[in-house]
Amino acid sequence: MELKELYQEIILDHAKNPRNKGKCNDYNHEAKAHNPLCGDKVHIYLNLGEDKNIKGLSFEGEGCAISLASASILTDILKGKDLNFTKKVTNDFLNMLKTKSKITLNSLSEDQVTTINSLSGVQEFPMRIKCATMVWHTFLSALEKKNN
Amino acid sequence: MELKELYQEIILDHAKNPRNKGKCNDYNHEAKAHNPLCGDKVHIYLNLGEDKNIKGLSFEGEGCAISLASASILTDILKGKDLNFTKKVTNDFLNMLKTKSKITLNSLSEDQVTTINSLSGVQEFPMRIKCATMVWHTFLSALEKKNN
Amino acid sequence: MDIKNIKSEFPIFNQKINGKPLVYLDSANSSQKPKTVINRMSNFYETEFSNVGRSVHSLAVKATNRFEDARDQVKNYINAKHREEIIFTKGATESINLVASSFGEKFINKGDEILTTELEHHSNYVPWHFIRQKKGAIIKFAPVNEKGEVEIDEIKKLISNKTKIIAITHISNVTGTIMPLKKIIGLAKEKKIPVLVDGTQGAPHLKLDMQDLDCDFYAISCHKMYGPNGLGILYAKKKWLEELPPYQGGGGMISEVLKEKVTFATSPTKFEAGTMQTAEVVAFSEAIKFIKDLGIENIQNHENEVLEYGIEKLRRNNSVNIVGDPSNRGSVICFTMKGIHPHDIATILDDDGVAIRAGHHCCQILHDKLGISATARASIGVYNSKEDIDILCNAIDKCKKVFEV
Amino acid sequence: MDIKNIKSEFPIFNQKINGKPLVYLDSANSSQKPKTVINRMSNFYETEFSNVGRSVHSLAVKATNRFEDARDQVKNYINAKHREEIIFTKGATESINLVASSFGEKFINKGDEILTTELEHHSNYVPWHFIRQKKGAIIKFAPVNEKGEVEIDEIKKLISNKTKIIAITHISNVTGTIMPLKKIIGLAKEKKIPVLVDGTQGAPHLKLDMQDLDCDFYAISCHKMYGPNGLGILYAKKKWLEELPPYQGGGGMISEVLKEKVTFATSPTKFEAGTMQTAEVVAFSEAIKFIKDLGIENIQNHENEVLEYGIEKLRRNNSVNIVGDPSNRGSVICFTMKGIHPHDIATILDDDGVAIRAGHHCCQILHDKLGISATARASIGVYNSKEDIDILCNAIDKCKKVFEV
Ligand SMILES: Cc1ncc(COP(=O)(O)O)c(C=O)c1O
Ligand SMILES: Cc1ncc(COP(=O)(O)O)c(C=O)c1O
């Protein structure tokens with residue numbers, strides 16, 4: 001278990017300067033979650049357009065570097081993308097942490113692949129996997145939960 | 001632990017032919033007890049005279065050889081005796097099983113001392129001590145419990 | 001492993017009792033432990049111990065993984081559908097108390113009926129008695145017949161539209177009766193009545209398949225299954241664990257704790273308040289491995305051989321009266337002797353190194369029905385052999401000599 | 001035994017964590033076990049195991065004697081007046097649930113008040129929450145001040161003639177505050193209000209004297225006292241054990257069981273339903289021996305030295321903020337770091353072999369009050385030394401490097 005694998009440059013950057021923090025405009029879906037064992041919290045806001053595109057995507061939350069970076073990376077990469085595509089990325093991401101693989105998705109830029117793979121270091125830290133995955137599960141619930 | 005010490009001739013005799021079984025005449029005190037772990041039951045009946053003499057003493061009960069013999073021996077030895085004396089014998093008996101001693105009471109006949117000492121073999125069988133003592137405790141409660 | 005020599009896996013047999021080899025015929029009370037189980041427990045404390053699920057350091061990670069692995073192994077062993085259906089408890093008694101309390105609190109009201117049998121262990125009656133008292137409910141007892149069986153028709157007769165739950169044993173710890181569970185559960189399903197099975201005596205001896213059995217709750221004591229003390233299991237169908245309120249409150253079982261209100265975690269955590277018996281749970285996975293390596297069918301066949309040999313031999317002894325004669329019997333023989341109280345039998349047998357139990361075996365209602373206050377019980381585990389039965393029978397003859405009957 | 005070299009009594013330290021010696025600072029979560037305790041447990045299973053109190057054979061006699069001896073040892077160690085006042089449970093959580101349920105059922109009614117503090121562990125709140133829900137009672141929380149203390153005047157103010165019980169911790173597992181129990185109990189006695197002490201964190205560190213303390217209930221977790229998992233103690237004054245209804249129902253706790261009614265045994269059996277954790281109880285008597293051999297005062301002095309050294313050293317670190325500043329503190333330091341979440345601290349510390357815990361430590365109400373969602377906690381046991389603190393502090397500096405703060 002290499003600490004450097006876990007706290008990579010990219011992760012620390014996202015953790016310290018999380019992208020898309022706050023409530024995005026005109027959000028019409030949202031979901032929240034928390035981890036009672038450690039107190040991490042996350043709240044996802046998203047604007048799903050009629051055209052099934054994620055027009056807006058943001059989060060609020062508190063937690064460790066891994067959970068903040070994961071939320072920041074998620075919002076950064078999935079914003080503006082098509083609904084089905086975001087589901088696929090999410091499943092691939094969750095799978096990556098389960099099976100200790102890396103993500104390879106042609107529709108993501110090389111940069112984006114690098115960014116998302118930066119979270120693969122968590123594989124070696126079983127107690128931290130939930131920190132990385134909680135926001136992705138929350139994103140999936142948000143997709144289901146349309147506000148009215 | 002010698003089985004022969006436990007199941008002495010005298011004990012088996014009292015167990016098979018328990019003395020003073022049933023309700024004695026004109027009993028004015030009684031008490032009962034049971035051991036929930038093994039199902040042993042005992043019921044003491046006694047007639048305590050104005051003169052503080054135990055005029056009548058008997059028991060009903062179900063149980064193992066040790067408990068039946070103990071009840072039979074108790075009633076046999078204490079019947080007709082003075083209240084204070086019976087309390088003393090009872091305490092000495094209970095003490096004998098606690099401290100692994102033998103009983104020596106001048107006011108008992110040699111025969112009676114032998115009989116009561118036949119129960120001292122129980123000392124070496126800790127799980128059986130309650131079988132021998134329950135009736136003596138019940139006798140003490142009966143002394144306290146006057147019927148009206 | 002060879003079932004004929006399996007005794008050597010159990011360190012307890014490396015000793016003499018009153019100068020004689022130990023013949024342990026008290027497994028229905030608690031089974032002895034194979035050395036793999038004992039060693040796993042020490043080894044866990046020596047190298048991997050930490051509290052589970054709460055810390056993120058390396059020891060906690062190891063301990064948590066071992067703990068949750070054990071849950072998976074239990075799930076697989078009893079063929080539950082979901083790992084969340086496995087709750088670790090202190091014992092079968094706690095498992096049943098949990099259901100009686102949580103289910104009873106929510107679903108049992110004044111006048112409702114709890115259906116059970118005259119065969120039950122106090123652990124499958126007293127918890128229901130508490131609910132009867134609290135809620136003004138009624139307990140109905142399906143009667144036991146002279147063979148020690150509960151007839152399915154008797155159960156059918158007692159089911160009413162007030163019946164809220166059926167609580168029934170898998171194997172009687174007195175008569176050894178193996179209950180016709182599938183039929184009873186079938187009946188219950190028709191009426192949509194949930195069934196709790198007290199599996200304490202079933203689990204060590206029979207193949208378990210929760211999906212096939214289709215009961216709603218199944219209670220297990222690990223210490224009777226070659227596992228450690230102080231550990232039990234409650235299997236419960238997921239839908240119940242979602243619906244039932246939590247049982248004990250404390251660390252770990254919560255979702256959010258505020259001054260005004262508390263919300264709860266999902267199952268299994270919801271029902272596992274406070275620090276769990278980590279070492280015991282981890283060691284129990286070795287007990288499951290022990291059983292799986294031998295094969296439960298092989299264990300059952302072996303035990304049945306010993307059991308039948310024992311019953312036959314005791315039947316030939318005129319002074320011995322075997323309690324009950326169920327057509328389907330597992331691992332237990334209760335008996336009485338003319339003129340010798342079971343307590344005395346147990347003491348005399350012990351002098352020959354033979355460990356049995358005497359008393360009402362926590363089944364007072366059954367003993368009252370049978371009209372006897374106590375019985376002697378020889379119960380069989382994987383380590384017993386026909387030679388053990390021979391020694392038992394010789395010791396029984398000695399009882400007659402001591403008592404001159 | 002030499003307290004400076006006591007680590008060698010604990011097998012867990014014979015290993016490297018990530019290539020470094022293990023520095024175990026998570027004892028408030030669960031303590032490690034000395035080899036005497038581990039060996040006693042194996043040895044008991046190997047040579048003396050049997051179910052207690054139920055059979056009369058030799059193994060059962062041995063096991064029962066060992067079990068009841070352990071009860072005497074607990075009684076003597078905590079200076080209870082009667083051995084019947086010692087109930088074995090699954091842990092402090094169960095001990096408190098037992099009291100909340102049995103006491104609450106009988107004595108708490110609609111509108112009655114339960115007085116507790118903002119410092120409590122979920123295990124000393126959620127069980128009372130259940131009773132609040134069931135009975136329509138009210139829970140009052142004595143506030144914690146900025147030092148992490150609960151002022152005695154605040155408690156005085158909250159006591160009313162509706163207060164039915166006071167439930168209060170001995171030592172906070174977050175701020176380390178040692179509560180002024182004698183004063184609180186004194187206040188309560190004046191008003192004849194019973195007091196339950198959550199002694200989970202007190203028992204491993206402080207001298208216990210129930211007769212002197214004069215509380216009504218005291219809950220202990222044996223696994224935090226160098227004893228085995230899955231075992232706890234409830235001390236309760238005899239008069240309460242006589243008055244309270246039983247908690248769980250099952251084998252062993254009964255007097256007479258009939259179809260219509262059930263009567264119960266006397267204490268302690270009344271509260272010990274089902275098969276007990278015999279091996280754990282027996283092994284726990286070795287944990288008591290371990291503590292007694294060292295002397296609890298020596299343990300306390302040693303731990304206090306390490307604690308004070310730690311607090312001083314952490315105070316000098318500008319990036320570290322220690323939570324609470326109670327004038328009377330035991331064995332626990334919770335802290336936060338600017339720009340680094342406690343979870344990340346714990347992971348980075350682990351890389352240096354340092355085991356701490358991060359989270360809200362089952363004290364969400366306290367964390368909410370402090371306005372922080374999580375803290376890092378280093379907690380001290382007898383095996384810790386000043387060198388451990390030095391390694392902790394170096395590892396903390398490493399956190400700053402990793403996070404470039
Ligand atoms: C049929 C039956 N049910 C329940 C129990 C209670 O199990 P435990 O004491 O392990 O909780 C027993 C054990 O004596 C039993 O034989
Ligand atoms: C103050 C306090 N109370 C209660 C508990 C609960 O103890 P257990 O989990 O052993 O039941 C703990 C342990 O985390 C504690 O620190």
Side-chain angles (χ1 to χ4, degrees), chain C residues 11-12 15 17-18 26 29-30 32-33 38 41-42 45-47 49-51 54-59 90-91 93-94 97 121-123 125-127 129-130 141 221 223 228-230 248-251 254 257 259 262 273-275 277-280 343 346-347 350 355-358 362 364-365, chain D residues 11-12 15 17-18 26 29-30 32-33 38 41-42 45-47 49-51 54-59 90-91 93-94 97 121-123 125-127 129-130 141 221 223 228-230 248-251 254 257 259 262 273-275 277-280 343 346-347 350 355-358 362 364-365:
Chain C
I12 197 86
Q15 67 180 308
I17 300 289
N18 299 319
D26 199 19
N29 195 355
S30 195
Q32 296 297 339
K33 323 300 173 202
I38 302 173
M41 184 130 51
S42 326
Y45 276 128
E46 284 169 7
T47 63
F49 176 74
S50 151
N51 207 339
R54 290 172 163 78
S55 293
V56 300
H57 54 74
S58 296
L59 286 176
K90 192 162 74 170
T93 299
E94 179 165 284
N97 274 275
H121 189 279
H122 295 161
S123 289
Y125 166 48
V126 184
H129 165 75
F130 288 161
F141 297 86
S221 269
H223 68 97
N229 265 179
Q248 296 185 331
I254 57 92
V257 176
K259 280 186 183 172
V262 180
T275 298
Q277 312 96 309
T278 319
E280 282 71 18
H343 246 164
T347 295
D350 183 58
I356 64 153
R357 182 170 166 189
C362 302
Q364 204 187 330
I365 289 174
Chain D
I12 197 86
Q15 69 179 310
I17 299 290
N18 299 318
D26 199 19
N29 194 356
S30 194
Q32 295 298 339
K33 323 299 172 206
I38 302 173
M41 184 130 51
S42 323
Y45 276 128
E46 284 167 7
T47 63
F49 176 75
S50 151
N51 207 340
R54 289 172 164 76
S55 294
V56 300
H57 55 74
S58 296
L59 285 177
K90 192 163 74 169
T93 298
E94 179 164 285
N97 274 275
H121 189 278
H122 294 161
S123 290
Y125 166 47
V126 184
H129 165 74
F130 287 160
F141 296 86
S221 269
H223 69 97
N229 264 179
Q248 296 186 331
I254 56 93
V257 176
K259 280 187 183 173
V262 180
T275 299
Q277 313 94 309
T278 320
E280 283 71 17
H343 245 164
T347 295
D350 183 57
I356 64 153
R357 180 170 167 190
C362 302
Q364 204 187 328
I365 288 174

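A, B, ... follow the sequence lines: proteins, then strands. Residue 1 opens every chain.
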(request) Would you mind checking which part of Asn229(D) comes under 4.5 Å of any heavy atom in chain C, side chain (CB onward), backbone (N, CA, C, O), both or neither? (result) both

(request) For Ser123(D) and Gly251(C), indicate whether the former's side chain and the latter's backbone hold a donor-acceptor pair under 3.5 Å. (result) yes

(message) Under a 3.5 Å distance rule, please check whether Asn18(D) uses its side chain to pair with a backbone N or O of Asp350(D) as donor and acceptor.
(response) yes

(request) Heavy atoms only, distances under 4.5 angstrom: which of Ile365(D), Ile17(D), Asn97(D) has the most pairs with chain C? Name it, please. (result) Asn97(D)

(message) Using heavy-atom distances under 4.5 Å, tell me whether Lys259(C) contacts chain D through its side chain, its backbone, both, or neither.
(response) both

(message) Let's test your reading of the structure: which of Gln248(C), Glu94(C), Gln277(C) forms the most heavy-atom pairs below 4.5 Å with chain D?
(response) Gln248(C)

(message) Measuring from atom CD of Gln32(D) to atom CG of Leu59(C), what distance do you get when rounded to the nearest 0.5 angstrom?
(response) 6.0 Å

(message) For Ser50(C), give me all partners under side-chain hydrogen bond (donor to acceptor under 3.5 Å, both in side chains), at least two apart in sequence or on another chain.
(response) none

(request) Go through Val257(C), Asp26(C), Thr47(C) and name the one with the most non-hydrogen pairs under 4.5 angstrom from chain D. (result) Val257(C)

(request) Give, as side chain, backbone, both or neither, the part of Phe130(C) having an atom under 4.5 angstrom from any heavy atom of chain D. (result) side chain

(message) Below 4.5 Å, heavy-atom pairs only: which of Glu280(D), Lys33(D), His57(D), Met41(D) has the largest tally toward chain C?
(response) His57(D)

(message) Quick check on Ile12(D) against chain C: is it the side chain, the backbone, both or neither that has a heavy atom closer than 4.5 Å?
(response) both

(message) Please classify the contact of Phe141(D) with chain C as side chain, backbone, both or neither, using a heavy-atom distance under 4.5 Å.
(response) side chain

(request) Please name the pair of heavy atoms, one in Ser30(C) and one in Asn51(D), separated by the smallest distance, quoted to 0.1 Å. (result) CB-CB, 4.0 Å

(request) Select one option (side chain, backbone, both, neither) describing which atoms of Gln15(D) are under 4.5 Å from chain C's heavy atoms. (result) side chain

(message) Taking side chain to side chain contact (heavy atoms under 4.5 Å, CB included) as the definition, give me every residue that meets it alongside Ser221(D), ordered by chain and number, with sequence neighbours left out.
(response) Ala92(D), Thr200(D), His223(D), Lys224(D)

(request) May I ask you to decide if Ala358(D)'s main-chain N or O and His343(D)'s side chain share a donor-acceptor pair within less than 3.5 Å? (result) no

